[in-house]
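These figures come from a predicted structure and were not determined experimentally. Letters A, B, ... mirror the listed sequences (proteins, then strands); counts begin at 1.
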Amino acid sequence: MTDTTFASPRAGKRGSSGRASRIALRVGLYAVLIVFAIWYLLPLFVMLTTSLKSLDEIRTGSLVALPRDVTFEAWRTAWSGACSGIKCEGLKPYMWNSVLIAVPGVALSTLIGALNGYVFAQWTFKGANLLFALLLFGCFIPFQVVLLPMARMLGLLGMAGTIPGLILVHTVYGLGFTTLFFRNYYVTIPYELVRAAKIDGAGFFRIFWSIFLPLSLPIIVVTVIWQFTQIWNDFLFGVSFSQSGTQPVTVALNNIVNSTTGVKEYNVDMAAAIIAALPTLLVYVVAGKYFIRGLTAGSVKG
Amino acid sequence: MQNWLERQVPKVVLAPTFAAILIFVYGFIGWTAWVSLTNSKLMPRYDLVGFGQYTKLFATPRWDTAMNNLFIFGALFIIISMVLGLLLAIFLDQKIRTEGAIRTIFLYPMALSMIVTGTAWKWILNPGLGIEAMVRGWGYENFTFDWLINPDMAIYTIVLAGVWQSSGFVMALFLAGLRSVDGEIIKAAQVDGIPTHRIYTAIIIPSMAPIFLSAFIVLSHLAIKSFDLVIALTGGGPGYATDLPATYMYAMAFSRGNLGQAASSAMIMMAVVFAIVVPYLYSELRAKHD
């Protein structure tokens, strides 16, 4: 998607009258693109500048004005002092919760997805297609339909309101996508490879470990990015299945922003929003190509 | 014996996933369906009483608002995101010098949590200090942009933020689609002197039908599930003016202690998703076998 040999269609005629209108068209084109770029950037710009202003400056100044006196006070409060509910310890503990949920959640769902995908692509058996369809279907259910029984199940397992409980939820509901990613990737690897390895006496796991896993880096990166963004950005499961102390950062952010007590500290809200968004933004900036691949792989089935 | 065992390994590997899906997806759907047919309040009860919860649901004005909002939000969100996404993709496809940078800018909102998006737009749309105050500060004293707190308009702020979040992703999908169209056909059309806009409308866009379908499925799925954005941006308010089925379900389940209503509303949400996704999945899986 980054490099392409496909030439865009453009009028091939070259005349002096066409030249002026073509230049006008190009200028218009760039103008439209720039306007939209500003629209997409505006919220980030406003968040950033607001987070660097004092409350006084926010009340008196304009939304889009640059901060007169840059202060990092709001960032400090957002990180370690802002109140979410009755606790006032900032986002720090909740960021850590999100890490504790996301890392095992991503690792487990990716590993199991890889093994599943390997089976569906290279070791199919009678009925495997039906299983795959059933699994895929799980990607599409609105999670509201499993919210109530999940809450009871976590209670029965003694995991209600715990971080392992959230890891379980994210792992289970991530399996559809991770399996799909790996299956679609492994399906392109010729079966002859498996057959040859089998003749040499290698078993299921040996072939996976020594042949498929070493080939899997690109799809592992895509899956990890996909799962990480999904889990980090999740709110519904977080707000439904956590309790004070185990909440992920999205829930804490919402609590800080929508708390009704005290003076509204917009600069702290904005700093908190940026902090909560930093990990996934960082992933996007560092591995944007894979991020896009994950997005499109998750939507264009097949 | 050894051989038979070895042949079972793939099935054994799948077994835990399969068991999990059976319980956590299909079993849970069954559980919710069951509870939706009971009089469960704070605690689930398992004596079936019929479709009373559904009758009550459809007689509730708040649910009515939620479904209406889903329709307004869903339609506008999907249409605007697709039109905007397609236009931006076509514009970006014209050998734009800074394509990489612009694409990055258009797409980054998709990396953000809906809670972050909601927080940002809540601040910008806040009449007292946001856009309204800014334009008034420029001297237009009568400028009004109070959609966020106007019950009739608040749902459109959700559309605005939703489109901001997702249109870049649609753009990326379409751009990938544009680039996968056979270059030879386009060159042939250019040689024949067919104007650019005709090449797009007659050749390129029709050949991207599967991508339109994918984009539609993803966007409608996002729309029906939308929950975080509403919570962060309007909290469902003013009143319950921006309630969606997802927020209705959550309110019934976790703050109103009405599990029966929560379950029946969740089942309706699932029915809507199924009506859209099942034909799609069916055609996708069937196409593979051919």
Per-residue contact mode, P109(B) against chain A (heavy atom under 4.5 angstrom): side chain

Chain A contact via W31(B) - side chain, backbone, both or neither, heavy atoms under 4.5 Å: side chain

Per-residue contact mode, V278(B) against chain A (heavy atom under 4.5 angstrom): side chain

Contacting moiety of V277(B), where chain A heavy atoms sit under 4.5 Å: side chain

Contact class of M249(B) relative to chain A, heavy atoms under 4.5 angstrom: side chain

CE on M150(A) to CZ on F24(B), rounded to 0.5 Å: 4.5 Å

Pairs of heavy atoms under 4.5 Å with chain A: top-ranked of P16(B), A20(B), P44(B): P44(B)

4.5 Å side-chain heavy-atom contact, D93(B) and Y200(B): yes

Contact class of A263(B) relative to chain A, heavy atoms under 4.5 angstrom: both

Toward chain A, the part of F18(B) with a non-hydrogen atom under 4.5 Å: side chain

Selection from V272(B), T119(B), V25(B) maximising heavy-atom pairs under 4.5 Å formed with chain A: T119(B)

Atom of G130(B), atom of L63(A) and distance for their closest heavy-atom approach: C-CD2, 3.8 Å

Which portion of I231(B) sits near chain A, non-hydrogen atoms under 4.5 angstrom: both

Contacting region of V169(A) [heavy-atom separation from chain B under 4.5 Å]: neither

Proximal component of S167(B), with respect to chain A [non-hydrogen, under 4.5 Å]: both

Among I224(B), I217(B), D228(B), I29(B), residue most engaged with chain A (heavy-atom pairs, under 4.5 Å): D228(B)

Contact class of T50(A) relative to chain B, heavy atoms under 4.5 angstrom: side chain

Cationic tip of R103(B) above F106(B) ring, under 6.0 Å, 45° of axis: no

Any F120(A) side-chain heavy atom under 4.5 Å of L14(B) side chain: yes

Residue part contacting chain B, namely of L44(A), when any heavy atom lies under 4.5 Å: both

Region of M43(B) that comes under 4.5 Å of a non-hydrogen atom in chain A: side chain

Pairwise side-chain contact, L244(B) with F227(B), heavy-atom cut-off 4.5 Å (strictly under): no

Selection from W123(A), F291(A), F137(A) maximising heavy-atom pairs under 4.5 Å formed with chain B: F137(A)

Side-chain touch L115(A)/F182(A), heavy atoms, less than 4.5 angstrom: no

Between Y108(B) and Y284(A), ring centroids under 6.0 Å: no

I276(B), part contacting chain A, at a heavy-atom distance under 4.5 Å: neither

Heavy-atom proximity to chain B below 4.5 Å, by part of L148(A): both

Structural part of I21(B) lying under 4.5 Å from a heavy atom of chain A: side chain

Under 4.5 Å from any heavy atom of chain A - which part of A232(B): both

Worked check of side-chain contact (heavy atoms from CB on, under 4.5 Å) between W226(A) and T178(A): CA-CA 9 Å; W226(A) 169 271; T178(A) 57; 5.5 Å; no

Candidate pair Y173(A) and F237(A), rule ring-ring contact (aromatic ring centres under 6.0 Å, His included), full reasoning: CA-CA 11 Å; Y173(A) 295 111; F237(A) 288 145; 5.6 Å; yes

Heavy-atom contact with chain A under 4.5 Å, split by part of V135(B): neither

Ring geometry between W39(A) and F36(A) (parallel below 30°, tilted from 30 to 60°, perpendicular above 60°): perpendicular

Gap between atom CG of N254(A) and atom CE of M114(B) - 0.5 Å precision: 13.5 Å

Which atoms of L168(A) approach chain B - backbone, side chain, both or neither, heavy atom under 4.5 Å: side chain

